[in-house]
**Student:** 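Have a look at this one.
Below, chains carry the letters A, B, ... as their sequence lines are ordered, and counting in each starts from 1.
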Number of protein chains: 2
Amino acid sequence: MTPSPDPPAGLERLLGTDLTAEPVFLMARAASTGSSAANKQLAELDLKVRHYSVLALACGEERLTQRELSQFLVLDPSQIVAILDELERRGAVERRTDPRDRRSKVIAPTPAGRNLYAQAKALVGVSTSESLSPLSDEERQELSRLLRKVAF
Amino acid sequence: MTPSPDPPAGLERLLGTDLTAEPVFLMARAASTGSSAANKQLAELDLKVRHYSVLALACGEERLTQRELSQFLVLDPSQIVAILDELERRGAVERRTDPRDRRSKVIAPTPAGRNLYAQAKALVGVSTSESLSPLSDEERQELSRLLRKVAF
DNA sequence: TATTGTTATACTCTATAACTATA
DNA sequence: TATAGTTATAGAGTATAACAATA
C-alpha cells in the first residue's frame with residue numbers, strides 16, 4: 001500500500017534538505033496529493049480527474065474535436081478515445097461527425113453530461129479547498145496565477 | 001506519441017475556460033511538463049526524477065532507512081527496493097544493515113554516488129530554469145514557498 | 001504478534017505502431 | 001500522401017498480498 005499521504009510522520013527533519021528546495025519535486029508532490037484528493041472525491045461519481053477534464057472541456061463554450069482535446073490535455077489520441085468511450089457509455093457526451101471534415105468528431109455534452117459536470121465540479125471544489133487549506137485566499141490566487149504562467 | 005508539450009498550438013481560446021481555473025488541473029499540467037523536462041535532462045545520466053530524489057536524500061545529512069525513504073517520498077516500499085537496486089547496481093549507494101535494528105537497512109552514498117548527484121543536480125537545475133523561465137526570480141521563490149506549504 | 005525489506009502479481013497509465021476512413 | 005480516429009500491444013508506474021528475517 002502507498003504510505004500515508006501528507007505528514008511524513010516524524011520526518012520533519014528532512015524539510016530543510018536539498019530535495020525540498022527543488023521545484024520539480026515540490027510540484028510533483030503537490031500535484032500527486034492534489035490529484036489523489038480530487039480522485040477520492042470524484043470516486044463518488046465514479047469519475048477520475050482525466051474524465052473530469054474532458055467533461056469540463058466538453059461542457060465549455062467551444063466545440064472541440066478529439067484531436068484538439070488531445071493537444072490541449074497533452075494526452076495521446078488513443079487515451080482520449082478510451083476516456084470518451086467511457087463518458088459516452090454513461091451518456092454524458094456525444095461524438096458528432098464534423099460535417100466540414102468527416103474524419104473529425106466533435107464532442108458535445110448531453111443534458112445528463114452537464115448535470116454530471118456540475119456535480120463533479122462541486123466535488124473538485126471540495127478537494128481543492130482541502131488541498132489548498134494551508135494557503136490564504138490571496139495565496140491561492142497567486143499560486144493559480146503562477147501555475148498558469150508555468151503551465152502554458 | 002504524446003502531443004507537443006507546451007503551446008496548445010492555436011488553442012489559446014481555451015485559456016479562459018473553467019478547467020484552466022482549476023488548481024488541480026494547473027498543478028498536474030505544470031508538474032507533468034516539469035517532470036518531463038527534468039527526465040529529459042537526467043536521461044544524459046540514465047536517471048529519472050525518482051532515482052534523483054532517492055539519491056538526493058541519500059546524499060543529505062540524515063541517514064535514512066528504506067522505510068523512511070518510502071514515507072517521505074510517498075512511494076511504496078517495493079518501489080524503493082527497485083530504485084535502490086538500480087542505484088546500488090551502479091555503485092551510487094550502499095545498503096547497510098542497521099546495527100540497532102537488524103531488520104532495517106540504512107542507505108548511504110558512495111563517493112561515486114555523491115559525484116553522480118552533483119552532476120544530476122546541475123542538470124535538474126537546467127531544466128528548472130527552463131520550466132520556470134516565464135517567472136521572475138521573485139515569482140520563482142514565491143511559487144516554491146507556496147508549493148512547500150501545500151506539499152507538506 | 002508486528003515490522004522491514006523483498007518478491008510476485010495485477011492493474012492503471014502511457015507510448016507506439018498499424019489500420020480505416022476520409023481528405 | 002497526409003490526417004482523425006481507432007485498435008492492439010507493450011512498457012512504465014502503482015497497488016496489493018505474501019514471505020523470510022528480525023523485533
**Student:** Keeping Asp18(B) on the side-chain end and Gly60(A) on the backbone end, is there a donor-acceptor pair under 3.5 Å?
**Tutor:** no
**Student:** Taking 4.0 angstrom as the limit, do Arg95(A) and Asp85(A) come out as a salt bridge?
**Tutor:** yes
**Student:** Using OP1 and OP2 only, check whether a side-chain N or O of Lys48(A) sits under 4.0 Å from dC13(C).
**Tutor:** yes
**Student:** CG of Leu75(B) versus C1' of dG13(D): gap in Å, rounded?
**Tutor:** 10 Å
**Student:** Should Glu139(B) and Arg145(A) count as an ion pair when the cut-off is N to O under 4.0 Å?
**Tutor:** yes
**Student:** Looking at the side chain of Asp76(B), which of dA15(D), dT7(D), dT16(D) is the nearest nucleotide?
**Tutor:** dT16(D)
**Student:** Tell me the interatomic distance from Leu84(B), atom CG, to dT4(C), atom C1', rounded to whole angstroms.
**Tutor:** 13 Å
**Student:** Arg29(B) side chain to Ala151(A) main-chain N or O, any donor-acceptor pair under 3.5 Å?
**Tutor:** yes
**Student:** I'd like to check Leu45(B) versus Gln119(B) (side-chain heavy atoms, cut-off strictly below 4.5 Å). Are they in contact?
**Tutor:** yes
**Student:** Just the rounded figure in Å: distance from P of dC13(C) to CG of Leu73(A).
**Tutor:** 15 Å
**Student:** In residues 59-67 of chain B, what residues come within less than 4.0 Å of DNA chain C, judged by heavy atoms?
**Tutor:** Thr65(B), Gln66(B), Arg67(B)
**Student:** For Ile83(B) and dG13(D), give me the distance from atom CD1 to atom P, rounded to whole Å.
**Tutor:** 9 Å
**Student:** How close or far is atom C1' of dA4(D) from atom CZ of Phe72(A), stated in whole angstroms?
**Tutor:** 20 Å
**Student:** Nearest whole Å is fine: how far is dT7(C) P from Gln79(B) CD?
**Tutor:** 15 Å
**Student:** Taking only Lys NZ, Arg NE, NH1 and NH2, and the carboxylate oxygens of Asp or Glu, determine whether Arg13(B) and Glu68(A) approach each other closer than 4.0 Å.
**Tutor:** yes
**Student:** Output the rounded distance in Å from CD (Glu68(A)) to P (dT3(D)).
**Tutor:** 15 Å
**Student:** Using a heavy-atom cut-off of under 4.0 Å over every strand shown, decide if Ser78(B) touches base, sugar-phosphate, or nothing.
**Tutor:** base
**Student:** Which residue pairs satisfy the salt bridge (Lys or Arg N to Asp or Glu O under 4.0 Å) criterion with at least one member in residues 102-120 of chain A, sequence neighbours excluded?
**Tutor:** Asp101(A)-Arg103(A)
**Student:** Looking at the side chain of Asp85(A), which of dA4(D), dT7(C), dT7(D) is the nearest nucleotide?
**Tutor:** dT7(D)
**Student:** Going by heavy atoms closer than 4.0 Å, what residues in residues 89-103 of chain A are next to DNA chain D?
**Tutor:** Arg95(A), Arg103(A)
**Student:** Just by modelled atom types, is the Leu14(B) backbone N or O under 3.5 Å from a matching donor or acceptor in the Thr17(B) side chain?
**Tutor:** yes
**Student:** Check whether the ring centres of Phe25(A) and Tyr52(B) lie less than 6.0 Å apart, and answer yes or no.
**Tutor:** no
